[in-house]
Protein chains: 2
Amino acid sequence: MEIVEVVAVKLAFKMNQLENKLNTKNIKPTSMRLLVLKQLVESKSAVSLSELENTFEKVDKVTLYRTLKTFEQKKLIHSIDDGSRAVKYALCEENCECEPEDQHVHFHCENCEETFCLTNTGIPALNIPSSFKAKSVNMVYKGICANCAD
Amino acid sequence: MEIVEVVAVKLAFKMNQLENKLNTKNIKPTSMRLLVLKQLVESKSAVSLSELENTFEKVDKVTLYRTLKTFEQKKLIHSIDDGSRAVKYALCEENCECEPEDQHVHFHCENCEETFCLTNTGIPALNIPSSFKAKSVNMVYKGICANCAD
DNA sequence: CGATTAATTGCAATTGTGTTGCATTGCTTT
DNA sequence: AAAGCAATGCAACACAATTGCAATTAATCG
Ligand SMILES: [Mn+2]
Ligand SMILES: [Mn+2]
Ligand SMILES: [Zn+2]
Ligand SMILES: [Zn+2]
């Protein structure tokens, strides 16, 4: 088998994985969505709409906006309010239902402005006054990330 | 002493309290600032710039904006990122230096959109990966507040 | 297959919040 | 009173988020 073929097969396989991810969440796998999902999979930190806009300069931002909304609604990704003006998005873990027990802490670097999922750090249950009925919780640390430490 | 006079004295006394609050934080007590501070003191939940704008229709929003900035900088109030688009502000507790140990949890009601300071609920210290250097942390619950519970 | 319908994408425009620059006002100090 | 400085007002801008509708593409049906 030629090298080119091997690469093609591998690429096809990778694409199939992405397609599967979308199918599993009942999202029709259009080329646009595969493109965005690929970017999200490869990204090491959470991405904002404007970052996506810069990555795919030819694609309209509204399309990207709606793609993210669809992904979020179908629980493929979760949104992160890191205190910067722009909302960021990151892939959910396997079997995530975006319930409080699935949520984790995030870290926003004040230097590089990147936001990371601390997927291993769950959010501890807290005793808040019983008159408040909590449905979700957002916990974000700010400081200097591993890459920016001197 | 006439009733009117009594009221006047009480009002003057109240104003003096507000003035003192500003003086203590090294903020020159202009009439504008006294007005905004009064609103903040009387408010049971955190307020946004646009809410202030509606309360004081004659006042320019930039003035209110800068008033809030000054108050925040002088640690008279703290800002809250509750996940809604608009930043909210609330009075600091006595002797607050806005250090991590002074910070508390907030609650944002998804129904009435109001945001409350849970001043008695501190933010617990968490073990995050040591490569991240945290300087501050934000923790916001979302759900239904006491007033909106059926 | 072609025709019809539904879903997706693109383009233009608008909203809402936050922000800056500069002119004007008002207080303070000499 | 004049000068200097801080506070306020007005206009304009930056930018993320969002909506409406037209154009395109994909799915469905005869
Ligand atoms: Mn995350
Ligand atoms: Mn608070
Ligand atoms: Zn960093
Ligand atoms: Zn409420």
Side-chain angles (χ1 to χ4, degrees), chain A residues 15 18-19 22-23 25-39 46-74 76-90 108 113-115 138 140, chain B residues 15 18-19 22-23 25-39 46-74 76-90 108 110 113-115 140:
Chain A
M15 268 306 153
L18 295 177
E19 275 195 44
L22 291 179
N23 284 326
K25 301 282 184 175
N26 291 313
I27 304 165
K28 208 181 295 176
T30 68
S31 59
M32 196 81 276
R33 287 167 179 172
L34 286 168
L35 213 63
V36 174
L37 176 57
K38 187 164 172 291
Q39 186 65 23
V47 298
S48 67
L49 175 57
S50 65
E51 284 174 292
L52 280 184
E53 238 179 298
N54 293 335
T55 309
F56 308 114
E57 293 198 358
K58 300 163 224 159
V59 183
D60 191 88
K61 74 170 171 180
V62 180
T63 303
L64 297 170
Y65 169 76
R66 290 197 263 237
T67 301
L68 289 173
K69 284 286 175 193
T70 303
F71 283 6
E72 186 183 17
Q73 201 188 338
K74 300 285 189 170
L76 174 62
I77 64 178
H78 58 279
S79 65
I80 308 159
D81 264 308
D82 60 10
S84 72
R85 294 286 306 280
V87 176
K88 301 222 169 66
Y89 298 88
H108 177 69
E113 309 251 86
E114 291 195 73
T115 296
N138 182 38
V140 179
Chain B
M15 268 306 155
L18 296 177
E19 275 195 45
L22 291 179
N23 284 326
K25 301 282 183 176
N26 290 313
I27 304 165
K28 207 182 296 177
T30 67
S31 59
M32 195 82 276
R33 286 167 179 172
L34 287 168
L35 215 62
V36 174
L37 176 58
K38 186 165 173 290
Q39 185 66 24
V47 298
S48 67
L49 175 57
S50 65
E51 284 174 291
L52 281 185
E53 239 179 296
N54 293 333
T55 309
F56 308 114
E57 293 198 357
K58 301 162 222 158
V59 183
D60 192 89
K61 73 167 173 180
V62 180
T63 304
L64 296 171
Y65 169 76
R66 289 198 262 238
T67 301
L68 289 173
K69 285 286 175 193
T70 303
F71 284 6
E72 187 184 16
Q73 201 188 337
K74 301 285 190 171
L76 174 62
I77 64 177
H78 58 279
S79 64
I80 308 160
D81 262 310
D82 60 10
S84 72
R85 294 284 307 279
V87 176
K88 302 223 168 65
Y89 298 87
H108 177 69
E110 290 169 334
E113 310 249 86
E114 292 195 72
T115 297
V140 179

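Below, chain A is the first sequence line, B the second, and so on; all start at residue 1.
Taking atom CD of residue A:Glu57 and atom P of nucleotide C:dC11, one finds them 14 Å apart after rounding to whole Å. The CG atom of A:Leu52 sits 13 Å away from the P atom of C:dG10 (whole-angstrom rounding). Note: CG (B:Leu37) to P (D:dA7) measures 15 Å, nearest angstrom. Between the P atom of C:dC11 and the CG atom of A:Asp60 lies a distance of 6 Å, rounded to the nearest Å. Atom CD of B:Glu51 and atom P of C:dG18 are 11 Å apart (whole Å). Taking atom CG on B:Asp81 and atom P on D:dA16, their separation rounds to 16 Å, with Å as the unit. Note: CD (A:Glu72) to P (D:dT18) measures 10 Å, nearest angstrom. Spacing between atom CE of A:Met32 and atom P of D:dA26 amounts to 12 Å, rounded to whole angstrom units.
Place B:Lys28 and B:Lys58 on DNA chain D by their nearest nucleotides, and B:Lys28 ends up nearer the 5' end.
For the pair A:Leu52/A:Tyr89, no side-chain contact is recorded, criterion being any heavy-atom separation below 4.5 Å from C-beta on. Counting only heavy atoms from C-beta outward, the side chains of B:Ser84 and B:His108 approach each other to under 4.5 Å. In this structure, the side chains of B:Gln39 and B:Val36 stay at 4.5 Å or more apart for every pair of heavy atoms. Proximity of B:Leu22 to B:Phe71: side-chain heavy atoms (C-beta onward) are separated by under 4.5 Å at one or more points.
Rounding to the nearest 0.5 Å gives a distance of 11.5 Å between CG of A:Asn26 and CD of A:Gln73. Remark: B:Thr67 OG1 to B:Ile77 CD1 distance equals 9.0 Å, nearest 0.5 Å.
Summary for the helix from C:dC1-D:dG30 to C:dT30-D:dA1: the axes at its two ends, each from 5 pairs, differ by 10° when rounded to the nearest 10 degrees.
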Discussion item. Run A:Asp81 and A:Val87 through side chain to side chain contact (heavy atoms under 4.5 Å, CB included) and show every step you take.
Written reply: CA-CA 5 Å; A:Asp81 264 308; A:Val87 176; 4.0 Å; yes

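Counting only distance, with no hydrogens or angles, the side chain of A:Arg33 and the backbone of A:Lys28 share a donor-acceptor pair below 3.5 Å.
No option in B:Val62, B:Leu64, B:Leu68, B:Thr63 other than B:Val62 meets the side chain to side chain contact (heavy atoms under 4.5 Å, CB included) test with B:Arg66.
If you check residues 61-70 of chain A against DNA chain D, the residues with a heavy atom closer than 4.0 Å are A:Lys61, A:Val62, A:Tyr65, A:Arg66, A:Lys69, listed by number.
Distances shown here put every side-chain N or O of A:Thr30 at or beyond 4.0 Å from the OP1 or OP2 atom of D:dT25.
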